[in-house]
Amino acid sequence: MADGTKTKKTKSAAAAGTSQVQSLSRALLLLERLAASDMGMSLTDVAGSLGLAPSTAHRLLNSLRSHDFVDVDDTQGLWSIGVNAFSIGNAYLKKRDFIAQARPFMKRLVAETGETSNLGIVEQNSVVYVGQVESPQTMRMVVSLGSRAPLHASGVGKALLSAMPRKDALEIIRKTGMAAFTAHTLIHPSQFELELGKISQQGYSLDDEEQFEGLRCIAANIYNEYGEAVAAISISGPAVRVKWERIPMLSALVMDAAREVTKAIGGRAPKASRKPEAGN
(Lines give C-alpha, C1' and ligand atoms only; values in the text may rest on other atoms or scores of the structure.)
Protein backbone atom coordinates (compact mmCIF):
# COMPACT_ATOMS: atom_id res chain seq x y z
CA MET A 1 0.00 0.00 0.00
CA ALA A 2 2.80 2.37 0.93
CA ASP A 3 4.59 1.64 -2.32
CA GLY A 4 1.45 2.45 -4.30
CA THR A 5 1.06 5.78 -2.53
CA LYS A 6 4.70 6.61 -3.19
CA THR A 7 4.30 5.82 -6.90
CA LYS A 8 1.25 8.06 -7.15
CA LYS A 9 3.12 10.94 -5.46
CA THR A 10 6.06 10.50 -7.83
CA LYS A 11 3.80 10.58 -10.89
CA SER A 12 1.97 13.60 -9.50
CA ALA A 13 5.25 15.47 -8.94
CA ALA A 14 6.44 14.62 -12.45
CA ALA A 15 3.17 15.85 -13.96
CA ALA A 16 3.40 19.07 -11.97
CA GLY A 17 6.95 19.61 -13.18
CA THR A 18 5.92 19.07 -16.80
CA SER A 19 3.05 21.53 -16.38
CA GLN A 20 5.37 24.17 -14.94
CA VAL A 21 7.82 23.81 -17.82
CA GLN A 22 4.96 24.09 -20.30
CA SER A 23 3.67 27.23 -18.59
CA LEU A 24 7.16 28.76 -18.64
CA SER A 25 7.54 27.96 -22.33
CA ARG A 26 4.16 29.50 -23.09
CA ALA A 27 4.98 32.62 -21.07
CA LEU A 28 8.26 33.12 -22.96
CA LEU A 29 6.51 32.67 -26.32
CA LEU A 30 3.90 35.15 -25.17
CA LEU A 31 6.62 37.71 -24.40
CA GLU A 32 8.08 37.18 -27.88
CA ARG A 33 4.70 37.84 -29.48
CA LEU A 34 4.18 41.03 -27.48
CA ALA A 35 7.73 42.22 -28.22
CA ALA A 36 7.05 41.87 -31.96
CA SER A 37 3.89 43.99 -31.72
CA ASP A 38 4.29 47.75 -32.04
CA MET A 39 0.79 48.68 -30.89
CA GLY A 40 0.09 45.98 -28.31
CA MET A 41 -2.21 42.96 -28.59
CA SER A 42 -5.70 42.14 -27.39
CA LEU A 43 -6.29 39.06 -25.25
CA THR A 44 -8.00 37.38 -28.20
CA ASP A 45 -5.00 38.05 -30.47
CA VAL A 46 -2.52 36.81 -27.86
CA ALA A 47 -4.47 33.62 -27.27
CA GLY A 48 -5.00 33.02 -30.99
CA SER A 49 -1.35 33.54 -31.90
CA LEU A 50 -0.31 30.80 -29.45
CA GLY A 51 -3.28 28.51 -29.90
CA LEU A 52 -4.34 28.94 -26.28
CA ALA A 53 -7.70 29.25 -24.63
CA PRO A 54 -8.37 32.90 -23.69
CA SER A 55 -8.61 31.88 -20.02
CA THR A 56 -5.13 30.29 -20.16
CA ALA A 57 -3.62 33.29 -21.93
CA HIS A 58 -5.24 35.64 -19.41
CA ARG A 59 -3.80 33.67 -16.49
CA LEU A 60 -0.30 33.81 -18.00
CA LEU A 61 -0.61 37.53 -18.75
CA ASN A 62 -1.72 38.34 -15.23
CA SER A 63 1.15 36.30 -13.79
CA LEU A 64 3.65 38.19 -15.96
CA ARG A 65 1.94 41.48 -15.11
CA SER A 66 2.37 40.83 -11.39
CA HIS A 67 6.15 40.90 -12.01
CA ASP A 68 5.99 43.90 -14.41
CA PHE A 69 7.00 41.83 -17.44
CA VAL A 70 3.86 42.90 -19.29
CA ASP A 71 1.48 45.81 -19.00
CA VAL A 72 -2.10 46.43 -20.13
CA ASP A 73 -3.91 49.52 -21.34
CA ASP A 74 -7.24 49.11 -19.54
CA THR A 75 -9.00 51.61 -21.80
CA GLN A 76 -8.20 49.69 -24.99
CA GLY A 77 -7.58 46.25 -23.56
CA LEU A 78 -4.18 45.99 -25.24
CA TRP A 79 -1.29 44.10 -23.67
CA SER A 80 2.34 45.14 -24.23
CA ILE A 81 5.86 44.56 -22.94
CA GLY A 82 6.47 45.81 -19.38
CA VAL A 83 9.36 47.61 -17.76
CA ASN A 84 11.01 44.47 -16.33
CA ALA A 85 11.20 42.87 -19.78
CA PHE A 86 12.92 46.05 -20.99
CA SER A 87 15.35 45.93 -18.05
CA ILE A 88 16.35 42.37 -18.82
CA GLY A 89 16.78 43.14 -22.50
CA ASN A 90 18.84 46.19 -21.61
CA ALA A 91 21.12 44.03 -19.46
CA TYR A 92 22.07 42.16 -22.63
CA LEU A 93 23.00 45.43 -24.30
CA LYS A 94 25.18 46.38 -21.32
CA LYS A 95 26.97 43.07 -21.59
CA ARG A 96 27.87 43.79 -25.19
CA ASP A 97 30.18 46.74 -24.46
CA PHE A 98 30.71 47.63 -28.11
CA ILE A 99 27.10 48.80 -28.44
CA ALA A 100 27.59 51.80 -26.15
CA GLN A 101 31.09 52.42 -27.48
CA ALA A 102 29.90 52.46 -31.08
CA ARG A 103 27.14 55.03 -30.67
CA PRO A 104 29.28 58.22 -30.88
CA PHE A 105 30.90 56.94 -34.08
CA MET A 106 27.50 56.00 -35.51
CA LYS A 107 26.28 59.55 -34.82
CA ARG A 108 29.35 60.90 -36.58
CA LEU A 109 28.71 58.62 -39.57
CA VAL A 110 25.17 59.97 -39.87
CA ALA A 111 26.49 63.55 -39.72
CA GLU A 112 29.17 62.81 -42.34
CA THR A 113 27.07 60.78 -44.76
CA GLY A 114 23.48 61.87 -44.13
CA GLU A 115 22.43 58.19 -44.02
CA THR A 116 21.16 55.89 -41.26
CA SER A 117 23.84 53.98 -39.34
CA ASN A 118 23.17 50.47 -38.00
CA LEU A 119 25.03 48.07 -35.76
CA GLY A 120 24.45 44.34 -36.20
CA ILE A 121 25.64 40.99 -34.89
CA VAL A 122 25.25 37.37 -35.96
CA GLU A 123 22.79 35.46 -33.80
CA GLN A 124 21.32 32.07 -34.71
CA ASN A 125 22.49 32.29 -38.32
CA SER A 126 20.94 35.67 -39.08
CA VAL A 127 21.75 39.34 -38.56
CA VAL A 128 20.27 40.95 -35.45
CA TYR A 129 20.28 44.75 -35.28
CA VAL A 130 21.37 45.97 -31.85
CA GLY A 131 21.97 49.67 -32.52
CA GLN A 132 20.77 52.42 -34.82
CA VAL A 133 21.13 56.16 -35.37
CA GLU A 134 18.57 57.40 -37.88
CA SER A 135 19.23 59.68 -40.82
CA PRO A 136 17.55 63.10 -40.64
CA GLN A 137 16.36 62.61 -44.23
CA THR A 138 12.65 62.09 -44.87
CA MET A 139 13.41 59.04 -47.02
CA ARG A 140 15.58 56.80 -44.87
CA MET A 141 16.08 53.22 -43.69
CA VAL A 142 14.62 52.36 -40.29
CA VAL A 143 14.75 48.95 -38.59
CA SER A 144 13.52 47.93 -35.17
CA LEU A 145 16.20 46.97 -32.65
CA GLY A 146 16.18 43.21 -32.30
CA SER A 147 14.86 42.67 -35.82
CA ARG A 148 16.59 40.19 -38.07
CA ALA A 149 17.98 40.22 -41.61
CA PRO A 150 19.41 37.51 -43.89
CA LEU A 151 23.16 37.05 -43.73
CA HIS A 152 23.69 36.62 -47.47
CA ALA A 153 21.64 39.66 -48.54
CA SER A 154 22.64 42.36 -46.02
CA GLY A 155 25.74 44.50 -45.74
CA VAL A 156 26.25 43.63 -42.07
CA GLY A 157 25.72 39.92 -42.69
CA LYS A 158 28.13 39.77 -45.62
CA ALA A 159 30.80 41.65 -43.69
CA LEU A 160 30.55 39.33 -40.68
CA LEU A 161 30.56 36.20 -42.85
CA SER A 162 33.71 37.42 -44.59
CA ALA A 163 35.55 37.39 -41.25
CA MET A 164 34.72 33.74 -40.57
CA PRO A 165 36.72 30.78 -41.86
CA ARG A 166 35.42 30.41 -45.39
CA LYS A 167 34.27 26.84 -44.78
CA ASP A 168 32.19 27.89 -41.79
CA ALA A 169 30.63 30.83 -43.63
CA LEU A 170 29.62 28.66 -46.59
CA GLU A 171 28.22 26.01 -44.27
CA ILE A 172 25.97 28.61 -42.66
CA ILE A 173 24.79 29.76 -46.07
CA ARG A 174 24.13 26.16 -47.06
CA LYS A 175 21.94 25.72 -43.97
CA THR A 176 20.05 28.98 -44.28
CA GLY A 177 19.68 28.89 -48.05
CA MET A 178 20.11 31.84 -50.39
CA ALA A 179 16.63 33.18 -50.97
CA ALA A 180 16.30 35.75 -53.76
CA PHE A 181 14.84 38.96 -52.33
CA THR A 182 15.48 41.04 -55.46
CA ALA A 183 16.95 40.53 -58.90
CA HIS A 184 20.32 41.60 -57.40
CA THR A 185 20.51 39.00 -54.61
CA LEU A 186 23.46 36.61 -54.81
CA ILE A 187 21.95 33.12 -54.89
CA HIS A 188 24.84 30.87 -55.98
CA PRO A 189 27.39 29.67 -53.36
CA SER A 190 30.33 29.90 -55.78
CA GLN A 191 29.41 33.49 -56.61
CA PHE A 192 28.99 34.28 -52.92
CA GLU A 193 32.39 32.78 -52.07
CA LEU A 194 34.02 35.16 -54.54
CA GLU A 195 32.09 38.02 -52.93
CA LEU A 196 33.41 37.09 -49.47
CA GLY A 197 36.97 37.10 -50.80
CA LYS A 198 36.44 40.56 -52.29
CA ILE A 199 35.05 41.87 -48.99
CA SER A 200 38.02 40.47 -47.05
CA GLN A 201 40.42 42.20 -49.43
CA GLN A 202 38.77 45.62 -49.57
CA GLY A 203 37.65 45.80 -45.93
CA TYR A 204 33.98 46.57 -46.46
CA SER A 205 30.85 44.92 -47.83
CA LEU A 206 28.20 46.31 -50.13
CA ASP A 207 24.55 45.32 -50.20
CA ASP A 208 23.72 46.58 -53.67
CA GLU A 209 19.91 46.45 -53.60
CA GLU A 210 20.18 42.77 -52.65
CA GLN A 211 17.61 42.77 -49.86
CA PHE A 212 15.41 45.67 -50.92
CA GLU A 213 15.09 47.32 -54.31
CA GLY A 214 16.45 50.84 -54.24
CA LEU A 215 18.43 50.43 -50.99
CA ARG A 216 22.22 50.22 -50.65
CA CYS A 217 24.19 49.42 -47.53
CA ILE A 218 27.93 49.62 -46.76
CA ALA A 219 29.32 47.77 -43.72
CA ALA A 220 32.64 47.06 -42.00
CA ASN A 221 33.55 44.81 -39.10
CA ILE A 222 34.34 45.66 -35.48
CA TYR A 223 36.87 43.33 -33.83
CA ASN A 224 37.56 42.27 -30.24
CA GLU A 225 40.91 41.79 -28.55
CA TYR A 226 41.31 38.39 -30.18
CA GLY A 227 40.85 39.74 -33.69
CA GLU A 228 37.37 38.23 -33.94
CA ALA A 229 34.56 40.15 -35.65
CA VAL A 230 31.94 40.77 -32.95
CA ALA A 231 29.72 43.20 -34.88
CA ALA A 232 29.55 45.27 -38.03
CA ILE A 233 28.75 48.96 -38.40
CA SER A 234 26.99 50.20 -41.51
CA ILE A 235 25.26 53.01 -43.32
CA SER A 236 22.12 52.43 -45.37
CA GLY A 237 20.25 54.70 -47.71
CA PRO A 238 18.37 54.93 -50.99
CA ALA A 239 20.40 54.17 -54.10
CA VAL A 240 19.56 57.61 -55.49
CA ARG A 241 21.72 59.08 -52.70
CA VAL A 242 24.18 56.22 -52.12
CA LYS A 243 25.38 56.48 -55.71
CA TRP A 244 28.19 54.41 -57.19
CA GLU A 245 30.49 57.40 -57.46
CA ARG A 246 30.11 58.04 -53.70
CA ILE A 247 30.87 54.48 -52.58
CA PRO A 248 34.68 54.89 -52.32
CA MET A 249 34.25 57.93 -50.06
CA LEU A 250 31.38 56.43 -48.03
CA SER A 251 33.11 53.08 -47.56
CA ALA A 252 36.23 54.84 -46.29
CA LEU A 253 34.13 56.64 -43.66
CA VAL A 254 32.47 53.39 -42.60
CA MET A 255 35.82 51.59 -42.31
CA ASP A 256 37.26 54.48 -40.29
CA ALA A 257 34.33 54.27 -37.89
CA ALA A 258 34.75 50.49 -37.56
CA ARG A 259 38.47 50.88 -36.82
CA GLU A 260 37.78 53.53 -34.18
CA VAL A 261 35.16 51.42 -32.43
CA THR A 262 37.56 48.47 -32.53
CA LYS A 263 40.21 50.65 -30.91
CA ALA A 264 37.74 52.00 -28.31
CA ILE A 265 36.86 48.50 -27.09
CA GLY A 266 40.50 47.41 -26.99
CA GLY A 267 40.18 45.24 -30.07
CA ARG A 268 42.43 44.66 -33.02
CA ALA A 269 41.74 43.89 -36.65
CA PRO A 270 43.38 40.67 -37.91
CA LYS A 271 45.10 42.68 -40.63
CA ALA A 272 44.95 46.18 -42.05
CA SER A 273 42.19 46.61 -44.61
CA ARG A 274 43.06 48.04 -47.97
CA LYS A 275 41.62 51.49 -48.69
CA PRO A 276 39.04 51.38 -51.48
CA GLU A 277 40.12 52.75 -54.80
CA ALA A 278 37.97 54.96 -57.00
CA GLY A 279 35.89 52.89 -59.36
CA ASN A 280 35.87 49.74 -57.15
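The analysis underlying the following values was restricted to heavy atoms, covering all of them including side chains, and did not include hydrogens, waters or symmetry mates.
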Between [X] and [Y], is there a donor-acceptor pair closer than 3.5 Å when you use the side chain of the first and the backbone of the second?
| X | Y | result |
| --- | --- | --- |
| His152 | Ala179 | yes |
| Ser205 | Gly155 | yes |
| Arg148 | Glu123 | yes |
| Ser117 | Ile235 | no |
| Thr182 | Gln211 | no |
| Asn84 | His67 | yes |
| Glu209 | Gly214 | yes |

Quick one: [atom1] on [X] to [atom2] on [Y], what's the gap to the nearest 0.5 Å?
| X | Y | atom1 | atom2 | result |
| --- | --- | --- | --- | --- |
| Ser126 | Leu151 | OG | CG | 6.5 Å |
| Arg103 | Leu119 | CZ | CG | 10.0 Å |
| Thr262 | Glu225 | OG1 | CD | 11.0 Å |
| Gln191 | Leu196 | CD | CG | 11.0 Å |
| Met249 | Ile218 | CE | CD1 | 8.5 Å |
| His184 | Asp207 | NE2 | CG | 10.0 Å |

Donor-acceptor contacts under 3.5 Å from residues 53-64 side chains, at least two apart:
unit_1	atom_1	unit_2	atom_2	d
His58	ND1	Asn62	ND2	3.2
Asn62	ND2	His58	O	3.3

Do [X] and [Y] come close enough that some side-chain heavy atom pair is under 4.5 Å?
| X | Y | answer |
| --- | --- | --- |
| Arg216 | Trp244 | yes |
| Met106 | Val110 | no |
| Arg174 | Pro189 | no |
| Leu145 | Gln132 | yes |
| Arg26 | Leu50 | no |
| Arg166 | Ser200 | yes |
| Met164 | Ile172 | yes |
| Leu161 | Phe192 | yes |

Would you please test Arg33 and Val46 for side-chain contact (heavy atoms from CB on, under 4.5 Å) and show each step?
CA-CA 7 Å; Arg33 295 291 193 280; Val46 172; 6.0 Å; no
The test is side-chain contact (heavy atoms from CB on, under 4.5 Å); show your working for Ile199 and Glu195 and say whether it passes.
CA-CA 6 Å; Ile199 294 167; Glu195 177 79 354; 4.0 Å; yes
Could you walk me through whether Ile173 and Met178 satisfy the side-chain contact (heavy atoms from CB on, under 4.5 Å) test, starting with their C-alpha distance in whole Å, then the side-chain angles of each, then the deciding distance to 0.1 Å, before giving a yes or no?
CA-CA 7 Å; Ile173 292 303; Met178 301 184 72; 3.2 Å; yes
Would you name the heavy atoms of [X] and [Y] that are closest together and state the gap between them?
| X | Y | value |
| --- | --- | --- |
| Leu109 | Ser234 | CD1-O, 4.4 Å |
| Ile121 | Ala231 | CG2-CB, 4.0 Å |
| Ser135 | Arg241 | OG-NH2, 4.3 Å |
| Val127 | Pro150 | CG2-O, 4.3 Å |
| Ile265 | Tyr223 | CD1-O, 3.4 Å |
| Val261 | Phe98 | CG1-O, 4.4 Å |

Applying side-chain contact (heavy atoms from CB on, under 4.5 Å) to Trp79 and Leu30, what does each step give before you reach the verdict?
CA-CA 10 Å; Trp79 294 84; Leu30 189 153; over 6 Å; no
Group every Ile, Leu, Val, Met, Phe, Trp and Tyr by side-chain heavy-atom contacts under 4.5 Å, then state whether Tyr129 and Leu215 land in the same group.
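In one cluster: yes.
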Path from Leu186 to Phe181 over hydrophobic side-chain contacts below 4.5 Å:
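No.
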Reference residue Leu34; test side chain to side chain contact (heavy atoms under 4.5 Å, CB included); the match among Asp71, Leu78, Val70, Leu29
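Single side chain to side chain contact (heavy atoms under 4.5 Å, CB included) partner of Leu34 among Asp71, Leu78, Val70, Leu29: Val70.
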Lys/Arg-Asp/Glu bridge criterion (N-O < 4.0 Å) met for Glu260, Lys263
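The answer is no: the pair does not qualify as a salt bridge.
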